[in-house]
Number of protein chains: 2
Amino acid sequence: MADDGHRSYCPINLSLEIFGDRWTLLVLRDMMFANKRHFREFLQSDELIATNVLADRLKLLVEQGIVTRADDPTHKQKAVYSLTEKGIALLPIIVQIGAWSSRYVPAAKKLDRRARAVIRELQEGGPALWTRAMAELRERHLGAAARTPA
Amino acid sequence: MADDGHRSYCPINLSLEIFGDRWTLLVLRDMMFANKRHFREFLQSDELIATNVLADRLKLLVEQGIVTRADDPTHKQKAVYSLTEKGIALLPIIVQIGAWSSRYVPAAKKLDRRARAVIRELQEGGPALWTRAMAELRERHLGAAARTPA
DNA sequence: GAGTTGTGGTTGCGTTTTGCAACTGGTTGC
DNA sequence: GCAACCAGTTGCAAAACGCAACCACAACTC
């Protein structure tokens with residue numbers, strides 16, 4: 001069908017072409033829920049992503065307009081990654097995935113109680129709570145620009 | 001952390017270990033929205049999944065309890081795949097992904113108008129509509145058992 | 001100002017997964 | 001009997017992944 005590199009124009013497929021792998025959503029999870037912004041921080045997570053894979057995914061996310069990369073003024077060699085509106089809009093998906101998993105995947109029971117409580121709260125809070133969480137992300141990642149729209 | 005084969009017990013991670021690839025959710029999409037139930041039917045989709053990959057994914061979905069496989073009484077060599085409750089519960093995730101994609105991925109604009117209308121409807125219908133769609137899937141995939149719970 | 005630590009990566013290489021095409025063994029309809 | 005249909009399997013090349021070592025540079029320590 002598509003001859004511009006896409007397997008099809010189905011929205012599900014287009015999404016999978018972007019984050020249909022074992023790592024991309026974990027990076028976004030860390031940005032959203034652990035407030036990670038620097039390269040080294042992403043390496044600390046339990047899943048132990050490799051540096052080359054992380055570099056590749058961050059590059060891809062920037063290319064897709066889901067994340068931006070900026071120099072950190074406090075440290076000339078530090079890069080800061082921020083979510084864009086497109087990236088923040090992925091929050092409901094990640095929350096839904098978390099909810100499904102903690103409900104249906106047996107191994108999720110092994111997660112510590114505190115983390116499960118966060119999941120449950122986000123789930124029970126429903127769309128209204130997601131909206132607030134997204135607003136908070138806008139504050140942190142888009143800064144003043146988000147408060148004074150054109 | 002985990003030494004039972006899991007990279008971590010984070011629900012997001014556990015989900016990605018199951019369907020974090022380019023194909024699995026497409027198979028489920030076809031089951032949910034195109035009512036595909038037979039091996040050959042899945043091969044017809046635009047994305048042209050290969051037979052070995054499809055066989056592998058169906059096997060995995062059965063192992064995970066997301067899908068069941070049964071012999072088709074009308075044809076000794078036909079297999080029928082059905083969603084379980086665990087599989088049906090993935091509908092909100094798929095809908096959210098579709099909504100995000102059609103909103104933020106430029107190429108999704110190339111999808112034909114009719115399909116986009118379906119997406120929009122499911123999105124605007126909100127959780128209430130998802131519940132109805134899921135009930136319909138229970139009817140088709142779980143049959144009488146779903147109407148007369150233990 | 002020398003040494004240690006912290007920064008975002010890159011490179012090389014072996015293993016695993018994916019994608020493609022051809023093929024298999026059995027069933028059904030005519 | 002024979003063509004079409006069914007759910008896969010097999011073999012092989014290409015791509016992605018995972019690991020570990022390495023790099024250039026900045027900043028902090030003393």
Side-chain angles (χ1 to χ4, degrees), chain A residues 1-3 5-8 13 15-27 30-31 34-64 67-82, chain B residues 1-3 5-8 13 15-27 30-31 34-64 67-82:
Chain A
M1 194 195 208
D3 56 358
H6 294 298
R7 300 183 299 184
S8 83
N13 174 58
S15 290
L16 292 178
E17 288 181 2
I18 295 172
F19 56 76
D21 72 275
R22 292 175 130 64
W23 292 111
T24 306
L25 287 183
L26 292 182
V27 173
D30 285 348
M31 282 185 128
N35 199 26
K36 298 188 179 181
R37 310 290 290 267
H38 304 292
F39 193 90
R40 296 278 163 177
E41 291 180 309
F42 294 111
L43 300 176
Q44 308 301 318
S45 300
D46 288 342
E47 296 87 7
L48 296 177
I49 189 170
T51 54
N52 56 347
V53 176
L54 175 59
D56 181 72
R57 289 308 180 282
L58 286 171
K59 181 160 162 274
L60 197 121
L61 285 170
V62 169
E63 282 170 11
Q64 292 293 331
V67 155
T68 55
R69 183 191 192 282
D71 293 333
D72 187 329
T74 73
H75 189 306
K76 284 190 180 172
Q77 219 162 8
K78 238 171 174 172
V80 186
Y81 292 94
S82 304
Chain B
M1 193 197 209
D3 56 358
H6 294 297
R7 300 183 300 185
S8 84
N13 175 59
S15 290
L16 292 178
E17 288 181 2
I18 295 172
F19 56 77
D21 70 275
R22 292 177 131 62
W23 293 109
T24 305
L25 287 183
L26 292 182
V27 173
D30 285 348
M31 281 186 130
N35 200 27
K36 298 188 181 182
R37 308 290 291 268
H38 304 293
F39 193 89
R40 293 281 159 175
E41 290 179 312
F42 295 110
L43 299 176
Q44 309 299 317
S45 301
D46 289 341
E47 295 88 6
L48 297 177
I49 189 171
T51 55
N52 58 345
V53 177
L54 176 60
D56 182 72
R57 289 309 178 284
L58 286 170
K59 181 160 161 274
L60 197 121
L61 286 170
V62 170
E63 283 170 10
Q64 293 292 332
V67 155
T68 56
R69 184 191 191 281
D71 293 333
D72 187 328
T74 73
H75 189 304
K76 285 189 178 171
Q77 218 163 5
K78 236 171 175 172
V80 186
Y81 291 95
S82 303

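By convention in this document, chain letters (A, B, ...) are assigned in the order of the sequence lines, proteins followed by strands, and residues within each chain are numbered from 1. Here the structure is a predicted model, which is why all the values come from computation and not from measurement.
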Specify the separation, in whole Å, of atom [atom1] of [X] and atom [atom2] of [N].
{"X": "A/Arg57", "N": "C/dG9", "atom1": "CZ", "atom2": "P", "result": "15 Å"}
{"X": "A/Leu43", "N": "C/dG6", "atom1": "CG", "atom2": "C1'", "result": "12 Å"}
{"X": "A/Leu58", "N": "C/dT10", "atom1": "CG", "atom2": "P", "result": "11 Å"}

Chain B footprint on DNA chain D, 5' to 3' - any atom under 4.0 Å from a heavy atom
D/dC6 to D/dG11
For B/Trp23 and A/Arg7: C-alpha separation, side-chain torsions, deciding distance, then whether side chain to side chain contact (heavy atoms under 4.5 Å, CB included) applies.
CA-CA 11 Å; B/Trp23 293 109; A/Arg7 300 183 299 184; 3.1 Å; yes
Taking for A/Ala50 and for B/Arg69 the nucleotide of DNA chain D with the nearest heavy atom, the one nearer the 5' end belongs to B/Arg69
Comparing nearest nucleotides in DNA chain D, the 5'-proximal residue of the pair B/Arg37, A/Trp23 is B/Arg37
Now, which nucleotide makes the Watson-Crick or G-U wobble pair with C/dG6, with each of the two distances under 3.5 Å?
D/dC25
Residues B/Glu17 and A/Arg22: closest non-hydrogen pair is O-NH2, 2.9 Å
Where A/Ser8 and B/Asp46 come nearest, the two heavy atoms and their spacing:
CB-CB, 3.7 Å
Are any of the side-chain heavy atoms of [X] and [Y] separated by less than 4.5 Å?
{"X": "B/Leu54", "Y": "B/Leu43", "result": "yes"}
{"X": "A/Leu26", "Y": "B/Leu16", "result": "yes"}
{"X": "A/Leu58", "Y": "A/Val62", "result": "no"}
{"X": "B/Val80", "Y": "B/His38", "result": "yes"}

So how far is it from B/Arg40 CZ to B/Thr51 OG1, rounded to the nearest 0.5 Å?
8.0 Å
Between A/Arg22 and C/dT17, is there a side-chain N or O to OP1/OP2 distance below 4.0 Å?
no
Which residues within residues 70-80 of chain B lie with some heavy atom under 4.0 Å of an atom in DNA chain D?
B/Gln77, B/Lys78, B/Ala79
Please tell me which of B/Asp21 and A/Tyr81 maps to the more 5' nucleotide of DNA chain C, matching each residue to the nucleotide holding its nearest heavy atom.
A/Tyr81
I'd like to check the salt bridge (charged side-chain N to carboxylate O under 4.0 Å, His left out) partners of A/Arg37; sequence neighbours left out, ordered by chain and number.
none
Side chain of A/Arg40 (C-beta onward), nearest among C/dT10, C/dG19, C/dT7:
C/dT7
